[in-house]
Structures are given as structure tokens and as C-alpha cells.
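Below is one structure, written out as C-alpha cells; comments come after it.
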Number of protein chains: 2
Amino acid sequence: MAKIKALKCKECGATYPVEPIHVCEYCFGPLEIDYDYEYIKSIISKEKIEKGPKSLWRYIDLLPVENPTVGLSAGFTPLIKAENLGKELGIKNLYIKDDSVNHPTLSFKDRVVSVALSKAKEFGFDTAACASTGNLANSVAAHAASAGMKCFVFIPSNLETNKIIGSLVFNPTVVAVDGNYDDVNRLSSEIANEFGWAFVNINVRPFYAEGSKTLAFEVAEQLGWKIPDAVVAPLASGSLYTKIWKGFNEFINLGLVEGKPPRMYGAQASGCSPIYKAFKEGRDFIKPEKPDTIAKSIAIGNPADGPYAVKTAKESNGDIEIATNEEIIEGIKLLARTEGIFTETAGGTTIAVLKKFAEKGVFKEDEVVVAYITGNGYKTMEVLEGKLNKPIHIKPSLIEFKEKVIKGG
Amino acid sequence: MAKIKALKCKECGATYPVEPIHVCEYCFGPLEIDYDYEYIKSIISKEKIEKGPKSLWRYIDLLPVENPTVGLSAGFTPLIKAENLGKELGIKNLYIKDDSVNHPTLSFKDRVVSVALSKAKEFGFDTAACASTGNLANSVAAHAASAGMKCFVFIPSNLETNKIIGSLVFNPTVVAVDGNYDDVNRLSSEIANEFGWAFVNINVRPFYAEGSKTLAFEVAEQLGWKIPDAVVAPLASGSLYTKIWKGFNEFINLGLVEGKPPRMYGAQASGCSPIYKAFKEGRDFIKPEKPDTIAKSIAIGNPADGPYAVKTAKESNGDIEIATNEEIIEGIKLLARTEGIFTETAGGTTIAVLKKFAEKGVFKEDEVVVAYITGNGYKTMEVLEGKLNKPIHIKPSLIEFKEKVIKGG
């Protein structure tokens with residue numbers, strides 16, 4: 001591929017051929033795609049992108065895939081001007097990037113999986129796999145089904161029922177591991193070493209992770225080829241957050257947009273906040289922790305890209321905050337009540353943290369702020385039990401309606 | 001509005017000013033929008049549509065709204081070439097129109113509600129309401145929230161839990177009526193007469209229903225400005241089905257596409273099939289029935305547009321079939337397993353009926369067939385309980401993985 005020079009270690013810079021590998025042999029650092037930006041600059045343009053498909057594949061020149069065959073309808077989700085929420089939070093130009101309607105499985109994972117499995121097909125794999133907190137399992141199972149690949153998904157056994165059914169329906173082998181995500185991830189790494197499978201977030205991770213850049217590309221294009229002043233995004237492994245940052249920088253460096261990259265604000269749950277703690281304590285390393293939060297989709301106690309997320313928060317003049325379970329639920333309800341968007345716990349965390357930063361006054365008047373909503377509320381419904389108003393029960397009678405609903409309400 | 005001449009009775013042709021009314025004073029027939037197609041022909045073009053927003057509002061010239069303010073991101077959902085499912089069913093050119101990712105509430109109802117509430121705002125209403133089997137309640141509650149309207153939704157009290165939470169989260173008043181949808185609908189009509197509310201599927205129905213035409217417009221555009229040979233769509237009130245037919249005919253009559261309109265195949269659940277029975281028995285009237293099916297979102301025993309749906313099936317040389325509860329679940333699983341798309345019971349009904357028609361041989365080789373998937377599987381998860389393979393539980397150990405999953409699997 002002319003657009004890619006090699007895989008390159010993020011730590012020591014050692015280069016490798018473009019293969020399904022993810023760890024540097026010398027220093028054990030993670031491998032990343034090393035693009036030929038001079039070449040890309042010669043072939044990319046706003047006009048070309050605008051004429052592209054209504055999916056993340058309009059940005060193929062900046063993705064490590066030659067021939068997209070999986071996830072052809074993923075991405076290009078709505079960017080919503082959030083007038084009501086903006087008014088409540090005192091942010092005039094607030095936008096919601098809404099991946100809760102991503103195709104087909106309602107989370108940003110459809111982006112990374114489309115890229116990972118398109119690449120896996122190019123490499124010749126016939127089996128897709130992943131370690132997942134739920135959303136990724138849904139997406140890998142769905143895309144493997146449509147791609148005609150065999151599929152194994154590994155999840156913590158205490159996952160939300162809806163997310164488990166949301167994987168099982170696609171008929172993969174679901175392996176429920178007694179333990180948390182970090183246990184699942186460790187086991188998956190061992191399996192990935194032994195079986196010749198495309199583990200999207202292990203041996204295919206350098207390709208997979210690039211899919212998240214499209215969350216930056218789309219926002220820039222949807223704002224009319226402009227860069228926001230600040231963004232708020234959830235932190236799980238830290239990959240999404242660092243790739244959004246990378247995406248905005250790529251667009252700037254290629255001359256597709258002007259201005260400087262946004263301040264990156266990160267959101268973690270207080271029950272699992274290793275990146276927040278490292279940032280606040282000025283550490284460049286992560287102290288792993290045992291997650292205990294309702295925000296299971298971002299509950300990664302030993303986040304692979306944690307150190308890079310800390311670096312991104314610093315470099316971008318951003319910040320990281322945390323939200324309690326109660327604040328997360330309030331965040332879900334706030335977004336629903338004001339903007340008619342129903343997000344899962346990760347999105348509730350993002351909104352709760354957005355609110356905290358707004359209250360701290362970090363956003364100047366007229367600044368453009370984008371909050372990333374990464375998953376759909378239908379996936380974590382159980383956390384709302386007992387937290388919402390109840391329906392009013394009546395007989396099918398106008399009199400009873402007037403008495404119980406109008407007078408009583 | 002230059003594009004609209006009047007409201008017109010579908011039965012006797014009496015005309016009325018463009019107001020929130022829905023029943024003819026003379027013959028009690030339903031009112032419909034009477035467009036000035038000569039005028040529309042002078043302003044519409046493929047090029048103009050293609051330059052429009054990536055939502056159903058690109059077809060505004062054929063919608064009864066002047067100034068869209070609600071649901072700006074609804075519609076323009078993916079059209080998927082269903083290679084795997086097509087192979088299983090022996091249909092070479094099979095497509096899925098996938099409204100399971102419609103914005104914001106994951107069903108085709110986001111189309112009709114966007115149109116209804118944009119119109120309601122033009123009329124000056126401050127309160128939105130609906131009678132609903134669930135999907136409509138979700139959508140009205142979400143759109144009313146973002147539009148800053150008060151909201152009352154009326155549902156049968158036995159609805160799926162997920163659909164109830166999926167309304168409550170937007171903070172409307174949810175009225176759970178002891179009875180089936182037809183009881184809810186009857187009560188809602190009484191309330192609509194007394195309160196000055198925009199009941200989207202009662203007094204705003206003539207405007208609301210037009211939103212479903214965009215399911216035809218989008219398919220034609222996404223096929224490269226071509227009309228499919230046959231489509232399969234679910235039948236609830238009959239409105240969606242007749243409006244898809246109307247949409248294709250409008251595009252043909254305006255010269256935007258060539259060819260003849262598609263054969264319209266309709267899908268009902270065997271536990272609620274009044275339109276199917278009328279069609280098969282050669283009646284032009286509906287005998288109401290008491291629904292008993294898992295496909296609650298299409299369980300309308302006394303369908304308002306039933307007679308028009310029967311007429312459409314006849315006029316288009318189409319047909320109507322039914323699916324049992326078991327066939328509906330098999331339909332959900334079939335679509336998920338082959339195409340990675342997770343639909344609710346209404347979609348399962350559509351796929352089950354598509355399969356029946358394919359087995360009957362009604363689709364000729366090389367014919368282009370489109371199946372309409374109108375809602376997301378997350379909404380009716382409970383029907384899958386006990387119907388899917390189970391996860392395999394293991395400890396986080398490679399040895400246990402090999403023993404229980406690889407050997408045992």
C-alpha cells in the first residue's frame with residue numbers, strides 16, 4: 001500500500017512489515033501505522049472526501065485498508081447541535097457526536113471493527129475474535145456474521161444481559177470468563193498467540209485502533225471543515241481518546257482544515273479511573289485497579305493506551321474528570337431530557353464530566369465544544385431501573401384519564 | 001405552501017384547508033395531503049435532492065412541511081446488499097433497507113414523527129402526544145424532548161419493558177392503558193377531541209403518515225435512481241405499506257425514475273392478521289380482531305388504513321402473508337446470522353414472510369427485491385430468551401478454554 005510505509009513502534013521507533021502483529025520485539029511497545037503523509041497529501045482533498053460514500057470509508061486515504069469489504073455502512077453518524085443542553089450548561093456552541101445510532105450495533109465499535117475485519121480479510125483470516133466489555137463483542141459478532149467469518153467473543157461473565165443477547169443473536173461462540181475485563185484480556189492475549197485468529201483488539205489492534213480517527217474526521221467535516229475548540233470523550237483503554245486527537249492533527253497537518261487541535265477532555269467513572277489518577281498525580285505510568293462501576297463498557301482497570309491518553313491530555317491542554325454512578329445516571333437522563341438522545345453508561349459518564357467542566361468554566365463563550373456519545377442506552381437499560389418516573393396506569397376511560405393523569409399529574 | 005393545494009378526503013374527495021384535522025366531515029373518510037404536482041415537478045430534481053441534507057429532509061419538496069425544526073437527523077438509513085441472506089433464499093439481488101439504526105430511536109417511526117412534530121410546531125402546538133405500541137412512543141418522547149414540547153404517550157400496559165424505559169427516559173408523561181392498542185387508540189381519539197394537543201397519529205395523521213414515503217424515496221435513490229421489482233414490508237395500521245407504494249409512484253410520475261412501481265408484499269403476524277384475511281377473502285373491509293402475537297409493534301386489530309393496504313396489494317400485483325411466533329423468532333435469527341443486523345419482532349415477521357414468498361418462487365431471477373427492516377432488536381430482546389445458544393462459562397485459564405470451548409465446542 002503506497003499510503004503506508006510500515007508498522008512502527010510507538011516507543012523505540014523500530015519498524016516492521018505490515019502484518020497482523022502489535023508488539024515491538026525489542027522494547028515491547030505498541031506498534032502503530034506509519035503513513036506516508038507526503039503521498040497521502042498528494043491524493044486527498046475535501047472534494048474527494050465529500051464525494052465519497054456516506055460512511056467512514058470516505059476517509060479511506062487515512063485508514064490502513066486497501067479494499068473495504070466489512071462494515072460498509074459504519075460511521076458518518078449525526079452531529080447534533082445541542083441547543084437545549086447547551087443552554088442548561090451555558091455552552092452556546094455545543095454539539096453531540098452521536099454514535100448511539102452507528103450501523104449496525106449502535107456504538108463507536110462499529111468503526112474500529114469495520115476497519116479491523118476489512119484488514120483481517122485482506123490478511124486472509126477466516127476467524128474473528130475479541131476481548132470485550134460488551135459493545136465490541138456485539139460489533140465483532142455482527143460484522144463476522146455479515147463477512148462470513150467464524151467468530152469467538154470473550155466477555156466478563158457479569159456483563160449486562162442485553163449486551164450478551166446482543167452478541168448471541170449473531171451466533172458466535174460467546175465465552176463468558178469468570179473475572180473482569182482485564183482477566184478476559186489477559187486470557188485473550190494467550191489465545192491470540194496460539195490460534196491463528198484475527199483478535200481485533202489484540203493482534204489486529206494497530207489497524208483496528210485507526211478506525212476511531214474517523215470520529216475526528218467526521219466532526220471536522222460536519223462542522224464545515226473546522227476544528228472544535230474542545231472535545232469531551234470517554235476513556236476506557238485510552239485508544240479512542242488518543243485517536244480522536246491524532247485524527248484532528250492529521251487533518252490539520254494535511255491542510256484539510258486550519259487552526260489548532262482541540263483541548264481534549266477525558267471522562268472516566270470514579271469506580272475505575274486509573275488514567276484520571278495518573279494524570280492528576282503527574283505520573284506517566286498507570287497503576288492498574290479493580291473496576292467497580294456501572295459504566296462497564298469503559299471499566300478497564302489496566303488500560304493499554306493509558307500512558308498515551310495522559311500524554312494527550314497534557315499536550316492538548318486538556319483535563320480529565322470522573323463521575324460517580326449517580327452522576328452517570330443523571331448524565332444519561334440529562335441528555336435524554338434535553339436532546340432526545342438515549343445513551344448508555346459510557347455516554348452518561350461523558351455528559352456528567354462535560355457538565356463538571358462547564359461548571360468549572362473551562363469553556364469560553366463562543367467556543368465550539370463537542371461531546372462524543374459512543375453507545376446506545378438500550379444496551380445498559382438495567383441501570384435505569386427505579387431511577388425514572390413510573391407510567392400512570394388507567395383503564396381505557398376518558399374520566400379516569402382526567403382524574404388520574406390531568407388532575408393527579 | 002405552494003406545494004400543497006389542500007387536505008382532501010380519500011373517499012369522497014371533499015377538500016379542506018391545511019389544518020390539524022384528519023376526518024372528512026361528510027363521509028368520515030381519512031384526509032390526505034393534496035399536492036400540486038405540477039408545481040413540485042417544476043422545482044424538484046435528482047441533482048437538488050443529492051445536494052440536500054443526509055436525512056429524510058432531502059425530500060422536503062414532497063413532504064407537507066415548510067420549515068423542518070424537529071428530527072433533523074432522521075432517515076437516510078443504510079440500504080444493505082444482502083448477499084448472504086440472498087444466497088440462502090435464492091434471491092440474487094436482495095437488499096435490506098435498515099431503519100433499525102434510525103436517529104434517534106431506532107425505528108422508522110423517527111421518520112413520521114419528524115414530519116408530524118415539525119408540522120405541529122408550524123401549527124403552534126406546544127404539546128405532543130400519541131397512541132403507540134412502543135416504537136412511536138419512544139420516538140414522540142425523544143423528539144418532543146429535543147423540540148421543547150410537553151409530551152403525553154399512551155401505551156398498552158402489557159408492553160415490552162425495554163420499550164417502556166425507552167420512552168420514560170425522555171421524561172414524558174407515560175399513560176399505560178389496561179387494554180390492547182385498539183383500546184389505547186380509541187381513548188386517545190376521545191382525548192384528542194378535547195385537548196389542544198398534537199396527537200401525531202390522530203389529528204396530525206395526514207402529515208405524519210407522509211413521512212413513510214421517504215422509505216420509498218431513499219430506496220430509489222440508493223439503488224441509483226431505480227425502482228425495485230418487489231418490496232416486502234410489515235403491515236400494522238397499513239399506513240407504512242400504502243405510503244411506500246405512494247412514494248414510488250410519486251417518483252415515477254414526477255419523472256425522477258423510470259419503470260413501473262414494485263409489487264408490494266405485506267407481512268402480518270398470524271396472531272393479528274386482519275389485513276391478510278381481508279385480502280385473502282377478497283373483502284374490501286376489515287373485520288377487527290383481538291391481537292395475540294409477540295410482534296406487538298404491528299399488533300393492530302383494527303387497522304386504520306387496512307382497506308387501503310388491501311387495495312395496494314391488489315393494484316401492485318402483490319400479496320400478503322403471515323408468520324407465527326416461532327417463524328418470527330427464526331426470522332430475527334436468520335437476519336442476524338446472515339447479515340449481522342439485529343431487528344425486532346416486526347422485522348422478524350418481514351424476514352419470515354420474505355422467506356415464504358421466496359420459497360413460493362414469486363421473485364424471478366435477477367429481480368431486485370427490498371425488505372424493509374423497521375425497528376431494532378434491542379427493543380424486543382425478551383422474545384429471544386431461551387431461543388439462543390448460551391455463553392460457555394470458563395475461568396480465565398488457557399487450559400480451561402481449550403477443554404471447554406475448543407474440545408467441548
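For the set B:Val153, B:Leu398, B:Ile394, B:Asp98, the entry with the most heavy-atom pairs within less than 4.5 Å of chain A is B:Ile394. Listed options A:Thr77, A:Val101, A:Leu106, A:Asn84 were ranked by heavy-atom pairs under 4.5 angstrom with chain B; first place goes to A:Val101. The candidate from B:Ile164, B:Leu79, B:Ile80 with the greatest count of non-hydrogen atom pairs under 4.5 Å with chain A is B:Ile80.
Ring pair B:Phe401/A:Trp197 is perpendicular by interplanar angle, where above 60° counts as perpendicular and below 30° as parallel.
In this structure, CG in A:Asn376 is found 7.5 Å from CG in B:Asn376, a value given to the nearest 0.5 Å. Atom-to-atom distance recorded for B:Asn162:CG and A:Lys379:NZ is 13.0 Å, nearest 0.5 angstrom.
Of all residues in residues 169-182 of chain B, those placing a non-hydrogen atom less than 4.5 angstrom from a non-hydrogen atom of chain A are B:Val169, B:Phe170, B:Asn171, B:Thr173, B:Val174, B:Val175, B:Ala176, B:Val177, B:Asp178. Contacts between residues 382-391 of chain B and chain A, defined by a heavy-atom separation under 4.5 Å, are made by B:Leu384, B:Leu388, B:Asn389, B:Lys390, B:Pro391.
Around atom NZ of A:Lys395, no more than 12 heavy atoms belonging to other residues, nucleotides or ligands sit under 6.0 Å away. Within 6.0 Å of NZ on A:Lys81 lie more than 12 heavy atoms contributed by other residues, nucleotides or ligands. Atom NZ of B:Lys290 sits in a sparse spot, with 12 or fewer heavy atoms from other residues, nucleotides or ligands closer than 6.0 Å.
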Side-chain donor-acceptor distances from residues 141-152 of chain B under 3.5 Å, at least two apart:
{"from": "B:His143", "atom 1": "ND1", "to": "B:Ser139", "atom 2": "O", "distance (Å)": "2.9"}
{"from": "B:His143", "atom 1": "ND1", "to": "B:Ser139", "atom 2": "OG", "distance (Å)": "3.3"}
{"from": "B:Ser146", "atom 1": "OG", "to": "B:His143", "atom 2": "O", "distance (Å)": "3.1"}

All N/O donor-acceptor pairs, side-chain side in residues 187-196 of chain A, below 3.5 Å, sequence neighbours left out:
{"from": "A:Ser188", "atom 1": "OG", "to": "A:Val184", "atom 2": "O", "distance (Å)": "2.8"}
{"from": "A:Ser189", "atom 1": "OG", "to": "A:Asn185", "atom 2": "O", "distance (Å)": "3.2"}
{"from": "A:Asn193", "atom 1": "ND2", "to": "A:Ser189", "atom 2": "O", "distance (Å)": "3.4"}
{"from": "A:Glu194", "atom 1": "OE1", "to": "B:Lys402", "atom 2": "NZ", "distance (Å)": "3.0"}
{"from": "A:Glu194", "atom 1": "OE2", "to": "B:Lys402", "atom 2": "NZ", "distance (Å)": "2.6"}

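With a 4.5 angstrom heavy-atom cutoff, A:Leu168 touches chain B via backbone and side-chain atoms both. Both the backbone and the side chain of A:Tyr378 come within contact range of chain B, judged by heavy atoms closer than 4.5 Å.
Closest heavy-atom contact between A:Pro104 and B:Gly340: CB-O, 3.5 Å.
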